[in-house]
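Just below is one structure, and these are the notes that go with it.
Letters A, B, ... mirror the listed sequences (proteins, then strands); counts begin at 1.
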2 protein chains.
Amino acid sequence: MGVSEFDLDALESLIKPRRPVQRNEHLYRAGDRLTSIYAVRSGSIKTYSLTNDGREQITGFHLPGELIGLDAINDNAHPCSAKALETSSVCEMPFEQLESLAMRIPGLQHQLFRIMSRELKSDEQFMTLLGKKNADERLASFLVGLSNRFKERGYSATEFNLSMSRNDIANYLGLAVETVSRLFSRLQSDGIIEVDRKLINVTDLEQLHKIAGTSCDKALNRTG
Amino acid sequence: MGVSEFDLDALESLIKPRRPVQRNEHLYRAGDRLTSIYAVRSGSIKTYSLTNDGREQITGFHLPGELIGLDAINDNAHPCSAKALETSSVCEMPFEQLESLAMRIPGLQHQLFRIMSRELKSDEQFMTLLGKKNADERLASFLVGLSNRFKERGYSATEFNLSMSRNDIANYLGLAVETVSRLFSRLQSDGIIEVDRKLINVTDLEQLHKIAGTSCDKALNRTG
DNA sequence: CGCTGCTTTGAACAACTTCAACTTCTGTGG
DNA sequence: CCACAGAAGTTGAAGTTGTTCAAAGCAGCG
């Protein structure tokens with residue numbers, strides 16, 4: 001359900017060896033012709049596009065097991081750029097090959113539909129975040145989301161490193177950096193998380209969930 | 001590129017006859033098991049989900065030629081509800097059938113990948129709208145988007161009816177109804193559009209584009 | 001040791017929301 | 001066909017949230 005690690009492993013062997021990517025190195029840039037879809041194997045990748053006035057809009061942070069580049073199929077060109085946030089490794093999968101495999105291997109086509117569908121669904125949830133949530137809810141949702149994704153991958157759900165800068169977080173969440181910084185401080189002084197630079201320790205995950213799940217009346221749930 | 005009307009026509013005949021839907025009738029509701037994907041054939045459909053505190057978040061307005069329900073593949077259940085904004089007709093395509101056809105008919109698999117990819121891409125653009133654009137830019141983008149879609153379908157790019165309420169527009173754009181109402185008034189008094197209830201006449205499409213494409217310094221481009 | 005870039009914090013400001021009132025439309029029943 | 005009730009839309013004024021501007025604090029690194 002989460003990552004379908006199993007199938008990606010199978011694919012990986014079918015297609016191409018892993019490839020290392022250095023921090024800040026681009027996997028591809030907006031406008032590049034689509035050749036391959038990439039599966040993140042380790043590290044983390046951010047995808048972003050530029051607004052008309054040249055500012056960056058981050059469209060996602062991608063962890064191991066996730067596929068990137070699927071948004072390029074329609075135009076045969078990447079609408080976003082993809083850049084490593086840290087030293088990472090990816091598995092490159094030539095798309096044409098992938099497509100023809102999908103015609104032959106039972107289940108692979110379905111798997112690909114599922115992956116794209118999941119991304120559509122999570123995009124929709126993210127729209128709700130941007131359209132309806134306030135700053136606190138956005139940051140809490142972001143942290144809960146990361147927590148879940150780390151957990152799925154066998155890491156700690158409560159202690160993890162942010163590979164992206166405050167600026168990137170703010171950009172992604174549609175907020176100003178200053179706002180994000182203030183929110184981290186507040187979450188810390190409220191005893192919900194401990195922050196040490198990039199290291200986050202979630203001390204009250206339940207409360208974080210409550211904030212993320214739209215904090216209703218802001219103090220509705222002190223005891224329950 | 002736009003709608004691949006051709007292929008949908010082919011599919012339509014392969015699968016099921018059109019089905020009429022009344023205004024406010026649901027095609028499916030959030031939580032329903034996925035049985036079919038729907039192609040809009042006439043009219044318009046809105047998709048929406050509910051936030052934790054029960055408010056509605058509209059995730060899209062869908063015009064003829066568009067497919068809805070693709071976000072349900074991953075969980076085999078619809079994450080959103082779909083409701084007709086006006087009397088419409090849709091073509092129901094049982095998903096399992098569609099998938100097995102895609103294994104056989106050359107090009108259909110690719111077509112489906114493309115359609116999902118296009119949706120991913122437009123979701124990303126929409127994230128940029130919600131994350132970076134101010135109220136004016138949002139409404140202008142919305143109108144430009146509709147204008148383009150109507151044009152693709154052979155209707156006027158400058159004169160069209162909004163099938164959704166002001167409330168729906170505001171909801172979709174992450175704004176308050178009052179803001180949207182004020183913006184319509186302002187666009188009208190600025191001579192960019194003429195508004196008569198649901199009927200919109202775009203009198204200065206170029207200017208509308210300028211506003212939509214992020215109005216930079218707000219008055220950067222008076223002459224050029 | 002002193003850059004340089006990222007992060008934090010404070011204070012003023014702006015954009016949008018909220019609240020409230022009023023108007024216009026729509027549809028229903030007398 | 002008109003009257004009326006409810007829904008939808010518009011407009012104004014006050015209020016909030018988050019942004020912007022400015023400056024200081026801190027860590028990494030030559």
Start with the C-alpha gap between A/Glu66 and A/Arg118, add the side-chain angles, then the distance that decides, and say whether salt bridge (Lys or Arg N to Asp or Glu O under 4.0 Å) holds.
-> CA-CA 11 Å; A/Glu66 293 174 354; A/Arg118 177 153 39 97; 5.9 Å; no
Chi angles and distances behind the side chain to side chain contact (heavy atoms under 4.5 Å, CB included) call for B/Phe184, B/Ile193 = CA-CA 8 Å; B/Phe184 270 118; B/Ile193 63 177; 3.8 Å; yes
Before giving the answer on side chain to side chain contact (heavy atoms under 4.5 Å, CB included), spell out for A/Val90 and A/Arg41 the whole-Å C-alpha distance, their side-chain angles and the decisive distance to 0.1 Å.
-> CA-CA 5 Å; A/Val90 299; A/Arg41 303 306 309 191; 5.6 Å; no
Assess whether side chain to side chain contact (heavy atoms under 4.5 Å, CB included) is satisfied between A/Glu25 and A/Lys83, documenting all intermediate values.
-> CA-CA 6 Å; A/Glu25 186 185 333; A/Lys83 190 179 185 176; over 6 Å; no
Trace of the salt bridge (Lys or Arg N to Asp or Glu O under 4.0 Å) decision for A/Lys198 with A/Glu86 | CA-CA 13 Å; A/Lys198 302 249 178 203; A/Glu86 59 191 315; over 6 Å; no
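Contacts between residues 181-201 of chain A and DNA chain D, counted as heavy-atom distances below 4.0 Å, involve A/Arg182.
At whole-Å resolution of the value, NZ in A/Lys132 and C1' in C/dT17 are 13 Å apart. Atom CG in B/Asp136 sits roughly 6 Å away from atom P in C/dC16 (whole-Å rounding). Following rounding to the nearest Å, B/Asn171 (CG) and C/dC16 (P) show an atom-to-atom distance of 17 Å. At whole-Å resolution of the value, CG in A/Leu130 and C1' in D/dG18 are 15 Å apart. The separation between B/Leu139 atom CG and C/dC16 atom P is 12 Å, rounded to whole Å. For A/Asn167 and D/dT19, the CG to P distance is 12 Å, given to the nearest whole Å. Rounding to whole angstrom units, CD of residue A/Glu178 and P of D/dC21 are separated by 10 Å. When rounded to the nearest whole Å, the span between CZ of A/Arg166 and C1' of C/dG5 equals 14 Å.
In this structure, A/Thr179 reaches the D/dT19 phosphate: one of its side-chain N or O atoms is under 4.0 Å from OP1 or OP2.
Between B/Tyr155 and B/Phe160, the ring centre distance reaches or exceeds 6.0 Å.
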